[in-house]
Amino acid sequence: MKFNISSCELVSFFLTLVVCFFISTSSNEFLDCLSQTISSDDIVFTPNDTSYSPLLQSRIQNLRFNTTTTPKPLAIITPLSYSHVQSTVICGHDYEGLSYTSFDQDPFIVLDLNQLRSVSVDSQANTAWVESGATLGELSYYVSQKSNLLGFPTGECTSVGVGGQLTGGGYGTMARK
């Protein structure tokens, strides 16, 4: 089977696995770069935006991190396309962060992949293409709709993103199979 995937699309796929990272440039440089490379203001939320706090609070699943003393991200980026993810990564990062908080007080951002969540299952080829923002529950649902014989060894928490699962998280009922 031959796949026509450009290197740009392949890089985009792998970049969507990034959930949160520390920025290596200054805060202003990062936001300036982002405003020059992303034309939509509807995907960049800073503490000055009225949508910032509700968006941040809606994404925090561990309420221990929903306090006034918990460090907050410089921005929350909600990309609608792979090019938005690429622009966010190109504008500055250092691959250090793997959490949505920064305990050493370095500026950090959250790259919220919730809008990049398509799932395509090909039961004939026994394959699935899944964007990182899809949840394990969504993946399991779409696989079950295509076949009674196919499965995927996901963790037990259906609200976990596929990007987090595939980068090493999760332990579920099919882990030993």
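At a threshold of 4.5 Å between non-hydrogen side-chain atoms, the residues V110 and R59 do not count as touching. Looking at heavy atoms from C-beta onward, T37 lies in side-chain contact with C91 at the 4.5 angstrom threshold. The closest side-chain heavy-atom distance from I38 to T88 is below 4.5 Å. Side-chain contact between V119 and Y141 is absent, with no heavy-atom pair separated by less than 4.5 Å. Here the side chains of S35 and V44 are not in contact, with every heavy-atom distance at 4.5 Å or above. Taking 4.5 Å as the limit, every side-chain heavy atom of P54 sits out of range of all side-chain heavy atoms of Q57. At least one side-chain heavy atom of V162 sits less than 4.5 Å from a side-chain heavy atom of L136.
Around the OH atom of Y52, the shell of radius 6.0 Å holds more than 12 heavy atoms that belong to other residues, nucleotides or ligands. The local environment of CG in N126 is crowded, with over 12 non-hydrogen atoms from other residues, nucleotides or ligands closer than 6.0 Å.
Rounded to the nearest 0.5 angstrom, S81 OG and H84 NE2 are separated by 4.0 Å. For the atom pair CG (L149) and OG (S123), the distance works out to 9.5 Å, reported to the nearest 0.5 Å. Expressed to the nearest 0.5 Å, how far CG of L34 lies from CD1 of I109 amounts to 7.5 Å. Here D49 contributes atom CG and L56 contributes atom CG; the two are 12.5 Å apart, rounded to the nearest 0.5 Å. Note: S87 OG to I43 CD1 = 8.0 Å, rounded to the nearest 0.5 Å. Residue Q36 holds its CD atom at 11.5 Å from CG of L31, rounded to the nearest 0.5 Å.
In terms of modelled atom types and a separation under 3.5 Å, the side chain of K146 and the main chain of S144 share no donor-acceptor contact. Panel note: side chain Q115, backbone L80; no donor-acceptor pair is recorded below 3.5 Å. With hydrogens and angles ignored, the 3.5 Å screen pairs no side-chain donor or acceptor of S140 with any backbone N or O of G137.
In terms of heavy-atom proximity, L116 sits nearest to P79 at CG-O, 4.0 Å. Closest approach of T135 to S159, counting heavy atoms only: CG2-O, 3.8 Å. Contact record, S132 with L113: CB-CD1, 3.8 Å, taken as the closest heavy-atom pair. Residue R117 comes nearest to E138 through the heavy atom pair NH2-OE2, 2.7 Å, listed as atom of the first residue, atom of the second, then distance.
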Test D112 against L55 for side chain to side chain contact (heavy atoms under 4.5 Å, CB included), laying out the working first. CA-CA 10 Å; D112 182 350; L55 179 62; 4.3 Å; yes
